[in-house]
Every structure is written in structure tokens, then in C-alpha cells.
Amino acid sequence: MRPKINFTPGPSQLYFTVEDHVRTAFREGIPTLSHRSKQFEAIYRKSVDGLRTLLDIPENYTLVFTGSANEIWERIIQNLVEEKSFHLVNGSFSKRFFEIAQQLNKKPEKIEVAMGKGFDASMAIPAGTELIAVTHNETSSGVSLPMEVIAGLRAKNPGALLTVDAVSSLPYPAFDYTQFDSVFFSVQKGFGLPAGLGVWLINDACVAKAEQLLAKGISIGSYHSIPSLYSHALKHQNPETPNVLGIYLLAQVVEDMVRRGIQNIRKETEYKAAILYKALHDHGLINPFVQEKVNQSNTVIVAECGEHTEKITKLLVENGMQPGDGYGAFKKTQLRFANFPTHSKEQYELLVDTLAKV
């Protein structure tokens with residue numbers, strides 16, 4: 001049976017080279033490799049060096065591995081906030097980050113807008129904010145935060161750390177890493193890998209803040225505190241046994257993407273997004289959920305389908321394509337389409353042609 005083209009926004013379709021890399025990994029015994037071996041250190045180093053090349057990450061950032069992006073939410077609040085964080089909330093995932101700060105007994109504040117809406121760069125941040133948390137690409141709603149909004153937050157709040165959730169946008173965006181202190185993602189979306197690995201980029205200011213809290217006697221967690229992760233990363237290791245296979249596969253896929261060229265990946269992403277948004281705009285029965293072009297994500301595109309959702313889903317599945325459901329309250333009225341490097345231009349053209357038949 002021919003496998004469906006998976007447009008769900010996470011876990012999404014595997015990158016087309018993953019199957020071959022998995023076979024190689026099993027032949028070479030990677031899944032049972034000691035995480036204290038020189039061979040693993042070489043795999044760790046290759047993964048980190050490849051990401052630095054692919055994403056143009058500055059040297060003042062350290063890359064560490066966790067179990068998931070959800071875990072990184074917790075580690076950020078534990079390690080970088082004594083009392084006050086501020087959250088930009090415009091969907092389910094940005095809201096969950098805020099709720100984690102509440103659950104960890106901090107004193108977070110937020111500015112919240114409706115699903116499908118973005119933020120004004122002139123927003124005021126409360127005095128005494130230690131950390132500003134922004135979601136670059138809200139997976140639940142298909143809203144992307146313009147980089148000028150992040151730059152405005154940075155310029156107006158130089159005393160606060162700024163962390164960016166890039167779970168469903170990287171490797172597409174060309175980030176200016178001077179505009180923030182921490183960025184994180186997980187591999188089951190844009191990198192087209194099996195779930196179970198989070199990647200967290202932290203700069204020197206994050207390390208200093210965690211050490212400052214620790215010196216005050218404040219609990220910042222245990223084996224996955226920033227000082228622990230940082231000290232092990234300098235040796236190309238993790239504090240505990242990590243997802244060795246996941247780190248190996250990430251290194252291989254990143255190498256494939258570097259060979260392909262990040263500029264080519266970005267141009268293809270924009271082409272695919274453009275033809276799907278045009279198809280939604282021109283369609284008589286369905287529309288883009290995010291109306292303002294400046295806020296439309298190029299990597300998670302949400303269609304407002306209303307009463308036609310079930311019919312459209314059935315047609316796509318019959319033609320070998322699996323769309324993502326709408327999120328939460330929008331499950332029965334929306335469809336979400338991942339636009340990641342693993343999705344080819346031909347697959348997107350097929351998607352557009354099929355939608356035109358509705």
C-alpha cells in the first residue's frame with residue numbers, strides 16, 4: 001500500500017532520507033552505543049556542528065539535548081526565572097508555556113489575543129520582568145510572529161532575557177540570534193524525525209542567570225539544570241543517557257539539509273506556502289484562518305473549512321493525503337497543513353489541485 005503524504009503538523013512526515021539512516025544506524029549498533037564513548041561524543045559534535053552551519057548559530061550559543069520541547073518549557077522557567085516571566089499568548093501552545101510558569105509557582109503575566117491574531121510591537125512589558133517568552137510560530141493557529149516584533153521587545157526591554165519557541169518554524173526562519181537569548185525546538189516537525197528529542201540553544205546570559213539563581217539557594221532543577229547541561233555539552237555529552245539514536249539521526253538529516261542548501265529550503269518553503277494560500281484565497285468554500293498576511297505562517301497553514309471540513313478531509317485521504325485536524329475547539333471546522341522541508345513542491349501542487357476539486 002502506498003503511504004499517505006502526511007501533512008499533520010507534528011509528528012509530521014519523516015524526512016525522505018530517514019529510513020536509510022535508520023538502517024545504517026542499526027547496522028552500526030548506534031541504538032546501544034554508550035553515551036560516554038568517544039563514538040557518541042563524535043555523533044554529538046557532528047549534530048551540533050551541523051546545526052551551527054545550517055542555522056548560522058553564533059559561537060556564544062551552547063546547544064543541549066532534552067527529551068522534548070515540553071521539557072524545555074519547564075527548564076526555562078526553573079533556570080531563568082526567579083519570580084516574573086511575561087508571555088505572549090495567542091494559541092494553545094503559548095498558553096501552555098504560561099501555565100507551566102504558574103504551576104512552578106512563579107508570578108507570570110501575559111498579554112493574550114484571540115486565536116489567529118498577532119501582536120503589536122508597541123506592547124508594554126511589566127517592570128521587573130526577568131524573561132519574555134514568545135512563540136515564533138503558534139502551531140495551533142498558524143500565526144507567525146514577525147521578527148520586527150521580537151526585535152522591538154528586545155530593544156525596549158534590554159534587562160530581560162528573551163526566549164523563542166521555534167518548534168514548528170525551524171529550520172525555515174533566518175533568525176538574528178542577537179535578538180534573543182534562548183531558542184528551542186523538537187525534531188518531529190521541521191526536521192522530519194521521530195519524536196523524542198528536544199534541542200535547546202542557550203547563550204552566555206542564560207548560563208549566568210541560572211548560576212545566579214543557584215547561588216541564591218533557589219532550586220533550578222536537577223540533572224537537566226542549565227549548569228549541568230552546559231558542563232556536559234562542553235564535553236559533547238549529556239548528563240544522563242540521552243536519545244542516542246535521535247541525536248545520530250538529527251546529525252545525518254542536518255547534513256543532508258546542509259548539502260541541499262538552507263536557501264533552497266527557504267525558497268521552496270515560501271513557494272509552497274504561496275500556492276496554498278492563493279488556493280485558499282481563491283476557493284469559494286474555504287479560506288485562510290489567519291487573515292493578516294504579516295501574521296501568516298509559512299510552515300503551518302491553517303484552513304477555515306467550516307461545515308465542509310469532513311468532506312475535504314475525506315477527499316484528501318482518498319487521494320493519499322493526510323491533513324492535520326484543527327486544534328482544540330477548531331477540530332471540526334479547520335484543517336492544518338505542515339509545510340516542512342520533507343514536503344516536496346510536487347506534493348504541495350497535488351494538494352492544491354485536489355483542494356480545487358472541492
Side-chain angles (χ1 to χ4, degrees), residues 4 6-13 68-74 76-77 85-104 108-119 133-145 163-170 184-190 195-196 198 273 276-277 280 283 285-292 295-317 321-340 351 355 358:
K4 288 184 174 66
N6 186 1
F7 289 110
T8 62
S12 194
Q13 184 158 308
S68 67
N70 277 23
E71 179 191 342
I72 296 172
W73 282 336
E74 291 191 355
I76 286 172
I77 299 301
S85 58
F86 186 81
H87 301 252
L88 277 62
V89 176
N90 65 337
S92 299
F93 293 96
S94 48
K95 185 176 183 180
R96 196 173 300 167
F97 197 175
F98 168 77
E99 290 170 345
I100 284 175
Q102 291 178 313
Q103 291 161 1
L104 290 172
E109 296 185 47
K110 64 178 177 176
I111 178 171
E112 185 168 5
V113 297
M115 287 273 283
K117 301 297 182 181
F119 296 94
V134 302
T135 300
H136 178 249
N137 200 82
E138 176 54 71
T139 315
S140 65
S141 65
V143 172
S144 184
L145 189 67
T163 189
V164 175
D165 177 339
V167 167
S168 61
S169 54
L170 281 174
F184 60 94
F185 61 91
S186 49
V187 300
Q188 75 272 20
K189 298 179 188 287
L276 181 52
Y277 275 120
L280 296 179
H283 204 288
L285 301 178
I286 54 180
N287 298 285
F289 175 57
V290 181
Q291 291 294 307
E292 296 179 328
N295 293 320
Q296 288 177 341
S297 168
N298 280 336
T299 56
V300 178
I301 299 161
V302 180
E304 184 66 51
C305 305
E307 63 183 354
H308 308 290
T309 304
E310 186 176 348
K311 177 174 66 175
I312 295 169
T313 301
K314 184 173 183 292
L315 176 65
L316 291 173
V317 170
M321 289 168 279
Q322 180 63 59
D325 291 333
Y327 200 88
F330 297 91
K331 180 178 178 64
K332 294 184 178 181
T333 59
Q334 294 181 353
L335 293 174
R336 294 179 297 157
F337 298 94
N339 180 17
F340 298 145
L351 171 62
L355 288 174
V358 178

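Hydrogens, waters and symmetry mates are skipped; everything else that's a heavy atom, side chains included, is used.
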Donor-acceptor contact present, side-chain E138 to main-chain F93, <3.5 Å: yes
Nearest heavy-atom approach of F337 to A303 is CE1-CB, 4.1 Å
Heavy atoms of S169 and H136 approach each other most closely as OG-ND1, 3.0 Å
With the side chain counted from C-beta on, respond yes when V89 and K95 share a heavy-atom pair under 4.5 Å apart, and no when they do not. yes
Quick check: do F330 and V302 have side-chain heavy atoms less than 4.5 Å from each other? no
Point-to-point distance, once rounded to the nearest 0.5 Å, from CD of Q334 to SG of C305: 8.0 Å
Is there side-chain contact between E74 and I100, with heavy atoms separated by less than 4.5 Å? yes
Go through the structure and list residues passing ring-ring contact (aromatic ring centres under 6.0 Å, His included) with F119, not counting sequence neighbours. none
Considering only heavy atoms from C-beta outward, does the side chain of Q322 approach that of T8 to under 4.5 Å? yes
Are P288 and E304 close enough that some pair of their side-chain heavy atoms sits under 4.5 Å apart? no
Roughly how far apart are Q102 CD and F97 CZ, rounded to 0.5 Å? 13.0 Å
K189 and T139: CA distance, side-chain angles, deciding distance, side-chain contact (heavy atoms from CB on, under 4.5 Å) verdict: CA-CA 10 Å; K189 298 179 188 287; T139 315; 4.0 Å; yes
Where do G142 and V290 come nearest, in terms of heavy atoms and distance? O-CG2, 3.4 Å
For N6 versus P11, what's the shortest heavy-atom pair and its separation? ND2-O, 3.8 Å
Is the backbone of N298 close enough, under 3.5 Å, to the side chain of N339 for a donor and an acceptor to pair up by distance? yes
Hey, are the side chains of M115 and F289 touching, using non-hydrogen atoms and a 4.5 Å cut-off? yes
Between F7 and M321, is the side-chain contact (heavy atoms from CB on, under 4.5 Å) condition met? List the steps. CA-CA 7 Å; F7 289 110; M321 289 168 279; 3.7 Å; yes
What distance separates L280 CG from L276 CG, expressed to the nearest 0.5 Å? 4.5 Å
Output for pair (W73 CH2, R96 CZ), nearest 0.5 Å, gives 5.0 Å
Not counting sequence neighbours, which residues clear salt bridge (Lys or Arg N to Asp or Glu O under 4.0 Å) with E112? List them please. K110
Let me see the working for I286 and I312 under side-chain contact (heavy atoms from CB on, under 4.5 Å), right down to the final yes or no. CA-CA 10 Å; I286 54 180; I312 295 169; 3.4 Å; yes
Kindly indicate whether the side chain of K4, heavy atoms from C-beta on, has any atom under 4.5 Å from the side chain of V317. yes
Examine distances only and state if a side-chain atom of S140 and a backbone atom of S92 form a donor-acceptor pair shorter than 3.5 Å. yes
T135 versus L145, closest heavy-atom pair with distance: O-CB, 3.9 Å
From T313 atom OG1 to L335 atom CG, the distance as rounded to the nearest 0.5 Å: 4.0 Å
Please report the C-alpha distance between L170 and N137 in whole Å, then the side-chain angles of each, then the deciding distance to 0.1 Å, and finally whether the side-chain contact (heavy atoms from CB on, under 4.5 Å) criterion is met. CA-CA 9 Å; L170 281 174; N137 200 82; over 6 Å; no
Under 3.5 Å, side chain of D325 to main-chain N/O of K331, donor-acceptor pair present? no
Quick one: does any side-chain atom of R336 pair with a main-chain N or O of G326 as donor and acceptor, under 3.5 Å? no
Can any side-chain N or O of H283 pair as donor or acceptor with the backbone N or O of L355 at less than 3.5 Å? yes
Ignoring hydrogens and angles, tell me if any N or O in the side chain of S85 forms a donor-acceptor pair with the backbone of P108 under 3.5 Å. no
Identify the two heavy atoms, one from P9 and one from G324, that lie closest to each other, and give their separation to 0.1 Å. CD-CA, 4.1 Å
Under the 3.5 angstrom rule, does the side chain of T299 hit a backbone N or O of S168 as a donor-acceptor pair? yes
Any D165 side-chain heavy atom under 4.5 Å of F184 side chain: yes
